[in-house]
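Below: one structure, written as structure tokens.
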Amino acid sequence: MNSRLEFRFSGTGGQGLILAAIILAEAAMRDGHQVVQSQSYGPEARGGASKSEIILSQDKILYPKVTTPDFLLAMSDKAYQKYGKDFKDDGVLLADSTFIRDALDNNRKMVFLPLTKSAKEQIGTEIVANIVALGAVNAIMNAVTEESLKDAVLKRAPKGTGEKNLKALALGKSLVKDGYTAK
């Protein structure tokens with residue numbers, strides 16, 4: 001991991017991206033990293049564009065705001081339009097191809113995966129699409145250890161859903177491993 005990584009998770013309110021960011025932050029703390037996590041959503045909350053940002057660092061974090069993310073997750077077209085065009089030149093965009101068909105080709109690495117569609121078809125519910133996305137994010141960025149991420153997911157998973165959430169995490173990883181579309 002670089003000494004500082006900045007992430008922006010964006011989507012529609014209700015997709016669980018704030019929870020996904022909290023889980024990533026908790027996993028990073030378990031791995032001994034310095035962490036800042038913040039969130040923002042419009043007044044409409046459910047249905048409006050939302051974002052959550054995470055900074056992971058091996059060093060002290062002196063400025064706690066994400067300026068230009070290394071990694072951008074976009075889970076809806078509305079969120080991509082609002083938050084998705086501002087990431088580092090050598091950064092990565094992961095877009096949920098269930099909802100985002102086109103993204104600006106700006107010579108950056110763009111990964112399109114059917115995160116929500118895969119959650120529904122392979123896990124049986126769209127509600128774990130955020131955890132599928134989290135598995136894909138970590139497979140691409142290798143930001144935290146798999147053990148810490150699993151532990152953080154289990155800590156935050158509602159009672160009785162741990163196994164389903166671990167399957168979702170593994171699904172995200174396998175989507176990346178099985179070959180994704182990168183522009």
Side-chain angles (χ1 to χ4, degrees), residues 1-2 4-61 63-67 69-76 79-80 82-84 87 91-96 113 115-116 119 123 125-173 176:
M1 182 178 107
N2 295 338
R4 180 180 169 116
L5 283 176
E6 296 184 1
F7 295 81
R8 178 175 296 141
F9 291 1
S10 64
T12 300
Q15 284 184 306
L17 293 171
I18 291 171
L19 176 59
I22 291 168
I23 291 170
L24 180 60
E26 287 180 357
M29 286 189 294
R30 289 172 188 259
D31 285 345
H33 298 292
Q34 300 292 311
V35 178
V36 172
Q37 187 272 325
S38 62
Q39 55 210 21
S40 168
Y41 42 89
E44 60 275 306
R46 216 170 258 292
S50 67
K51 72 174 177 173
S52 189
E53 297 177 327
I54 312 105
I55 299 170
L56 309 181
S57 180
Q58 295 172 345
D59 304 316
K60 195 175 209 176
I61 298 172
Y63 185 71
K65 298 274 188 190
V66 169
T67 53
D70 299 282
F71 190 93
L72 174 66
L73 169 64
M75 294 281 291
S76 72
Y80 172 73
K82 187 169 184 176
Y83 303 117
F87 60 103
V92 179
L93 164 69
L94 170 58
D96 186 346
L113 295 173
L115 302 167
T116 302
I123 307 294
T125 180
E126 293 178 1
I127 202 160
V128 295
N130 62 331
I131 305 301
V132 174
L134 192 55
V137 167
N138 203 49
I140 294 167
M141 295 300 287
N142 197 29
V144 297
T145 63
E146 195 167 331
E147 180 182 326
S148 291
L149 190 57
K150 285 179 180 178
D151 288 347
V153 166
L154 289 174
K155 180 182 174 197
R156 290 290 178 162
K159 190 172 185 167
T161 66
E163 187 176 319
K164 185 180 286 192
N165 278 282
L166 289 179
K167 284 182 183 176
L169 194 64
L171 174 58
K173 180 179 177 181
V176 172

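Just so you know, these numbers come straight off a predicted model, no measurement behind them.
The structure places CG of N130 at 7.0 Å from CE of M75, a figure rounded to the nearest 0.5 Å. Distance check: I140 CD1 to L113 CG gives 6.0 Å after rounding to the nearest 0.5 Å. Separation of atoms CD1 (I123) and OG1 (T161) is listed at 12.0 Å; rounding is to 0.5 Å. Here the CG-CG distance, from L171 to L134, works out to 12.5 Å after rounding to the nearest 0.5 Å. Taking CG of L73 as the start and CD of Q15 as the end, the distance is 8.5 Å to the nearest 0.5 Å. We find the CG-CG distance between L166 and D151 to be 9.0 Å, quoted to the nearest 0.5 Å.
No side-chain donor-acceptor contact under 3.5 Å links D31 to the backbone of V144.
Residues A152 and E26 share a closest heavy-atom pair of CB-CB, 4.2 Å. Here the closest heavy-atom approach between residue A49 and residue A79 is recorded as CB-CA, 4.2 Å. The heavy-atom pair separating F7 from V66 by the smallest distance is O-CG2, 3.9 Å. Nearest approach of G11 to S76, heavy atoms of both residues: C-OG, 3.6 Å. Heavy-atom minimum distance, A28 versus V35: CB-CG2, 3.7 Å. In terms of heavy atoms, L94 sits closest to A136 at CD2-CB, 3.9 Å.
Residues F87 and L93 are in side-chain contact: their nearest non-hydrogen atoms beyond the backbone lie under 4.5 Å apart. In this structure the side chain of L169 never reaches within 4.5 angstrom of the side chain of N138, judged on heavy atoms. Side chains of Q58 and Q34 form no contact here, defined as non-hydrogen atoms less than 4.5 Å apart. K164 places a side-chain heavy atom less than 4.5 Å from the side chain of T125. Residues L149 and I23 have side chains in contact (heavy-atom distance under 4.5 Å, counting atoms from C-beta outward).
Partners of E6 under the salt bridge (charged side-chain N to carboxylate O under 4.0 Å, His left out) rule, at least two apart in sequence or in another chain, are R4.
Side-chain atoms of S50 and Q39 form no donor-acceptor pair, as typed in the model, at a separation below 3.5 Å.
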For this session: Show your reasoning for whether salt bridge (Lys or Arg N to Asp or Glu O under 4.0 Å) applies to E146 and K150.
Result: CA-CA 6 Å; E146 195 167 331; K150 285 179 180 178; 3.6 Å; yes
Exercise. Taking it one step at a time, do V128 and N165 satisfy side chain to side chain contact (heavy atoms under 4.5 Å, CB included)?
Worked result: CA-CA 7 Å; V128 295; N165 278 282; 3.8 Å; yes
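The pair E163-K167 meets the salt-bridge criterion, since a charged nitrogen lies less than 4.0 angstrom from a carboxylate oxygen.
Classified by interplanar angle (parallel below 30°, tilted 30° to 60°, perpendicular above 60°), the ring pair F9/F71 is perpendicular.
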